[in-house]
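Some notes on the structure that comes next.
Per chain, numbering begins at 1; letters A, B, ... match sequence-line order.
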Number of protein chains: 2
Amino acid sequence: MSKCEQCIVRQFNSLKHLSKDELIRMSNCKTSKTIKKGEFLFNEGEHINGIFCVKDGVCKVSKMSENGRNQVVNLIKKGDLIGERSLISDEVSNLNAVALNDMEVCFIPKDEIIKDLEKNPNFSMGVLKNMANSLKNADDIIVNMAQKNVKQRLAETLLHLEAKFGVNEDGCIDIHLSREDIANIIGTATESAIRLLSEFKKKKYLAFKGKDIQLLDIDSLKNISQGF
Amino acid sequence: MSKCEQCIVRQFNSLKHLSKDELIRMSNCKTSKTIKKGEFLFNEGEHINGIFCVKDGVCKVSKMSENGRNQVVNLIKKGDLIGERSLISDEVSNLNAVALNDMEVCFIPKDEIIKDLEKNPNFSMGVLKNMANSLKNADDIIVNMAQKNVKQRLAETLLHLEAKFGVNEDGCIDIHLSREDIANIIGTATESAIRLLSEFKKKKYLAFKGKDIQLLDIDSLKNISQGF
DNA sequence: GTAAAAACATGACAAATATCATATTTTTAA
DNA sequence: TTAAAAATATGATATTTGTCATGTTTTTAC
């Protein structure tokens, strides 16, 4: 069993506020899991009863709309925590999370985290700050969804993905998303997303390498996302 | 100066978790303000440096989009707190808040709240739960914005407003919003909102009394919001 | 009370987007 | 390896929505 107190990943999230003692206790009750590409971490309606700390890999967090379409609300990567919300409010998850590539995660049971939240103000302030930040992001996404058209949202999303995941040795955004995933992030029909990506390619704002995307003209994409 | 420990309003928000001592200290450092209809509580870019507890009245919380349009992200009413976020993350506000009618609010300075958050785990858990709930709502709004069309969003919003603000003696939704406000909630052009309201009126889903709106056919509105 | 401003309303049209159809390419599984 | 399935791509068309124009009603400020 790997030890939390020696794990680098926790430096990237609220768990960095825990004391050595708290981390040792956590090591003893956590479970490590390997989640294969396409498998679920959790589903809508499930009681999660703990949080996941992502050691490696990426998952998409989404929610079914009443229309029967899937909306991606977040992408979670190495160093992030998932499930904080369902932990604090005693409800079942309103979201589902599916691995986009093979993942290494640790699962920490609810009770353990609650204890730490109550006893360690640094930790709870950290969680609070993190949530405040998520909430601010959510507001930005709402404004973008409500006020920007599909082309603007696609440009914005591509820039955001490159900023978040960086580029690989080919110069492409270092995450593999299907065209459908991209459509489900920006909230449009898959065909529309494909069409606009083709348009951007034709205009040399980006290039396809295999199915991955390389951004070529950041300035133009920025302008588009801002409505110019 | 009114006393927090005797104020009913705090029962409706996280401040209910504070001890008598903490409330007495809060009474001594808070300031009461009257905010007239149309005046701002705070603006985008301002340091808020505290939270507002709403004793009476309603305000709309919005954000300018890069397109220059205003998106309403929340409506805050009696019993709610505003400004929690800017308090916890040390940044300027990303939102602005303007009174929709005359308001009575108390302003509690940041330092006081931070002290309580660090010393009273019940309180910080309460704030955390509240934020978790806001985050869940935000996800729902994102999904609605992304996946529903304007007519669905209007129906949804009307139902939501009636649930949140109730009806007055005329049977109308008990909040006065301009057509522009409604358009800015659902993220559409004012003309589109007006047109759809007229359509709903023609179909007897609702009636206008003056400029207020009375919902007549809840079932039909529910069906519309769900895409039937 | 009255003029000016703001809000509301509606038509005409243009632009954006979804949907359906169909073809091609890529991936998956036996 | 190969057939089937899934993903990508693009055209045609219908629907939704935004924009501009214009008129009416309501509210505001003097």
Side-chain angles (χ1 to χ4, degrees), chain A residues 36-39 60 65 67-71 98 100-101 144-157 172 176-203 206-213 224-225 227-228, chain B residues 36-39 60 65 67-71 98 100-102 144-157 172 175-203 206-213 224-225 227-228:
Chain A
K36 287 233 154 33
K37 178 177 174 177
E39 288 179 357
K60 68 173 172 189
S65 76
N67 301 0
R69 287 206 297 203
N70 208 26
Q71 178 64 34
V98 57
L100 287 177
N101 45 36
N144 283 339
M145 284 292 179
Q147 302 285 0
K148 290 187 173 181
N149 64 31
V150 176
K151 193 184 286 190
Q152 290 175 291
R153 301 208 298 269
L154 176 60
E156 164 112 12
T157 296
C172 294
H176 185 68
L177 292 169
S178 69
R179 300 296 188 252
E180 189 180 1
D181 287 332
I182 294 175
N184 290 346
I185 293 172
I186 65 181
T188 190
T190 306
E191 296 95 321
S192 297
I194 290 173
R195 232 181 284 274
L196 287 170
L197 281 170
S198 299
E199 185 189 323
F200 284 179
K201 180 185 166 192
K202 202 172 287 171
K203 291 184 176 165
L206 51 76
F208 299 161
K209 294 193 175 176
K211 284 182 185 178
D212 290 347
I213 294 168
I224 289 169
S225 99
F228 300 121
Chain B
K36 288 232 154 31
K37 178 179 173 176
E39 289 179 357
K60 69 174 171 186
S65 75
N67 300 1
R69 287 206 298 203
N70 208 25
Q71 178 65 34
V98 56
L100 287 177
N101 46 34
D102 293 350
N144 283 339
M145 285 291 178
Q147 301 285 359
K148 289 188 173 180
N149 63 29
V150 175
K151 192 183 286 191
Q152 291 175 292
R153 300 206 299 269
L154 176 59
E156 164 111 13
T157 296
C172 295
I175 181 176
H176 183 67
L177 292 168
S178 68
R179 302 293 189 254
E180 190 181 358
D181 286 332
I182 294 176
N184 290 346
I185 293 171
I186 65 181
T188 189
T190 306
E191 295 96 321
S192 297
I194 290 174
R195 233 181 284 273
L196 286 170
L197 282 169
S198 299
E199 184 189 325
F200 284 180
K201 181 186 165 191
K202 201 173 287 171
K203 291 184 176 165
L206 50 79
F208 299 160
K209 294 193 177 177
K211 285 182 183 175
D212 289 348
I213 295 168
I224 289 169
S225 98
F228 300 123

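- A/Lys148 contributes a side-chain N or O that, together with a main-chain N or O of A/Ser225, makes up a donor-acceptor pair within less than 3.5 Å.
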Annotated protein contacts, base or backbone, on nucleotides 18-30 of chain D with a non-hydrogen cut-off under 4.0 Å, one of B, S, - each: BBB-----S----
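- Shown here for B/Ile194 and B/Arg179, the closest heavy-atom pair between the two residues is CG1-CB, 3.8 Å.
- Rounded to whole angstrom, the span from the CG atom of A/Asp181 across to the P atom of D/dA6 amounts to 16 Å.
- Look at NZ on B/Lys151: it is 11 Å from C1' on D/dT15, rounded to the nearest Å.
- At whole-Å resolution of the value, CD in B/Glu199 and C1' in D/dT17 are 13 Å apart.
- The interatomic distance linking A/Glu180 (CD) with D/dT8 (P) rounds to 8 Å, in whole Å.
- Protein atom CG of A/Leu100 is 13 Å distant from nucleotide atom P of D/dA7, rounded to whole Å.
- Rounded to whole Å, atom P of C/dT26 lies 17 Å from atom NZ of A/Lys209.
- Sequence order on DNA chain C of the closest nucleotides to A/Lys148 and B/Lys201 puts B/Lys201 first from the 5' end.
- As a whole-Å value, the separation of A/Leu196 CG from C/dT17 C1' is 9 Å.
- Counting heavy atoms from C-beta on, the side chains of A/Leu197 and A/Ile182 come closer than 4.5 Å.
- For the pair B/His176/B/Asn101, no side-chain contact is recorded, criterion being any heavy-atom separation below 4.5 Å from C-beta on.
- Side-chain atoms of A/Gln71 do not come within 3.5 Å of backbone N or O of B/Gln147 as any donor-acceptor pair.
- The 12-atom threshold is not exceeded at NZ of B/Lys37, counting heavy atoms of other residues, nucleotides or ligands nearer than 6.0 Å.
- The CZ atom of A/Phe208 sits 15 Å away from the P atom of C/dT25 (whole-angstrom rounding).
- Across all strands shown, A/Ser198 has heavy atoms under 4.0 Å from sugar-phosphate atoms exclusively, and none from any base.
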